[in-house]
**Q** 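Handing you a structure now.
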Amino acid sequence: MKYTHQDGKNVGRIVLFALSTCIWCKKTKELLNKLNVAYDYIDVDLAAREEKHLVRLEMKKWGDKISYPFIVVDDKECIRGFKEDRIREVARDGG
Amino acid sequence: MADDISKTDVDRLFTRLNREAIDAGYHLNPDPSFTMELVKSLLVNEKRYGYWACPCRLADGKKSQDLDIICPCDYRDEDLEEYGACYCALYVSAAVLSGERSVEPIPERRPEEKKRRQFMQRNKDAPSGTLPFPVWRCNVCGYLCARNNPPEVCPICKAKKDRFAPFF
């Protein structure tokens, strides 16, 4: 899958599944950028159909409920929605 | 971004949605930059799909698959009732509007595809005389609506929610 990499402090592998039109996804990106965290993201709505399917499979590993923003932290934890406090903790302490 | 939308178009749609919301007893999010951004995204999705797919959900692109998430979505009123805002927070409750309550991340209420299909089928197969939703009656003007809870304000006569009574 084609992720975009955002440079910053390494706090573990942070992967953000987002939608380019979603305001909560924008807020998530802004927060991660502000906290200077390195992460990879993909705007799923802009991805090709086959890629969307792959993303779906990837997200389904965390259960049937798929929603955006969707952050996977170090392959250990999944944060659904703009949970600012948790994102700040991860940025501070790692996943 | 390729989806360039003019400020005039965003302003025009905002004015329309705001008027329609007020007329029907709803409220747009009072944060202007937040709301304008969402209105812009609705226009992006209109260009992209031909309809106002919810900006915060992944649209299929096939209208028949996305009908329930065309803004205002099928889930707006239940989320307003439970969380004080719709899923993307374009619409908020009176409590959020007045600052008594703030907007928190809202869990996705939309069932996954398989469950949505099952629900539609069940409604089709339901024996006559059974209702998939309770029916509420506005005791002021007689307006009837079939939904889990009455609306915050009657869209017809603007009576408050407490003026509704179970009808069926």
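Quick note on labels: first sequence line is chain A, next is B, and so on, each numbered from 1. The figures here come from the full heavy-atom set of this structure, side chains too, leaving out hydrogens, waters and symmetry mates.
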**Q** What do you reckon, is NZ of A/Lys9 surrounded by more than 12 foreign heavy atoms closer than 6.0 Å?
**A** yes
**Q** For A/Asp40, enumerate each residue passing the salt bridge (charged side-chain N to carboxylate O under 4.0 Å, His left out) test, keeping only those at least two apart in sequence or located in another chain.
**A** A/Arg13
**Q** Closest approach of A/Leu19 and B/Pro55, non-hydrogen atoms and distance?
**A** CD1-O, 3.8 Å
**Q** What I want to find out is whether B/Arg48 reaches A/Asp45 closely enough, with some N-O distance under 4.0 Å, to be called a salt bridge.
**A** yes
**Q** Under 3.5 Å, side chain of A/Trp24 to main-chain N/O of B/Cys56, donor-acceptor pair present?
**A** no
**Q** Do NZ/NE/NH1/NH2 and the carboxylate oxygens of A/Lys27 and B/Glu37 come within less than 4.0 Å?
**A** no
**Q** State whether the side chain of A/Lys83 and the backbone N or O of B/Pro105 hold a donor-acceptor pair below 3.5 Å, judged by distance alone.
**A** no
**Q** Please flag which part of A/Ile23 lies under 4.5 Å from any non-hydrogen atom of chain B: side chain, backbone, both or neither.
**A** both
**Q** Starting from the C-alpha separation in whole Å, work towards a yes-or-no answer on side chain to side chain contact (heavy atoms under 4.5 Å, CB included) for B/Leu58 and A/Lys52.
**A** CA-CA 10 Å; B/Leu58 182 61; A/Lys52 278 183 188 151; 4.3 Å; yes
**Q** Membership question, hydrophobic clusters at under 4.5 Å side-chain separation (ILVMFWY): are A/Ile79 and A/Leu35 in the same one?
**A** yes
**Q** Would you indicate whether A/Lys34, at its atom NZ, is surrounded by more than 12 heavy atoms from other residues, nucleotides or ligands within a distance under 6.0 Å?
**A** no
**Q** For a quick test of reading the model, state the closest non-hydrogen atom pair linking B/Glu108 to A/Lys65 and the distance between them.
**A** O-NZ, 3.1 Å
**Q** Does A/Asp75, at its CG atom, have more than 12 non-hydrogen atoms belonging to other residues, nucleotides or ligands within less than 6.0 Å?
**A** no
**Q** Distance check, rounded to the nearest 0.5 Å: A/Ser67 atom OG versus B/Arg110 atom CZ?
**A** 12.0 Å
**Q** Among B/Asp60, B/Leu90, B/Leu42, B/Ile106, which has the most heavy-atom pairs under 4.5 Å with chain A?
**A** B/Asp60
**Q** Just wondering, more than 12 heavy atoms not from B/Lys160 lying within 6.0 Å of its NZ?
**A** no
**Q** For the CZ atom on A/Arg56, are there more than 12 heavy atoms of other groups (residues, nucleotides or ligands in this structure) within a distance under 6.0 Å?
**A** no
**Q** Consider only side-chain heavy atoms of I, L, V, M, F, W and Y, link residues closer than 4.5 Å, and tell whether A/Leu54 and A/Phe17 are in one cluster.
**A** yes
**Q** Test side chain to side chain contact (heavy atoms under 4.5 Å, CB included) on A/Glu84 and B/Glu104; report intermediate values, then the result.
**A** CA-CA 10 Å; A/Glu84 186 170 349; B/Glu104 300 290 326; over 6 Å; no
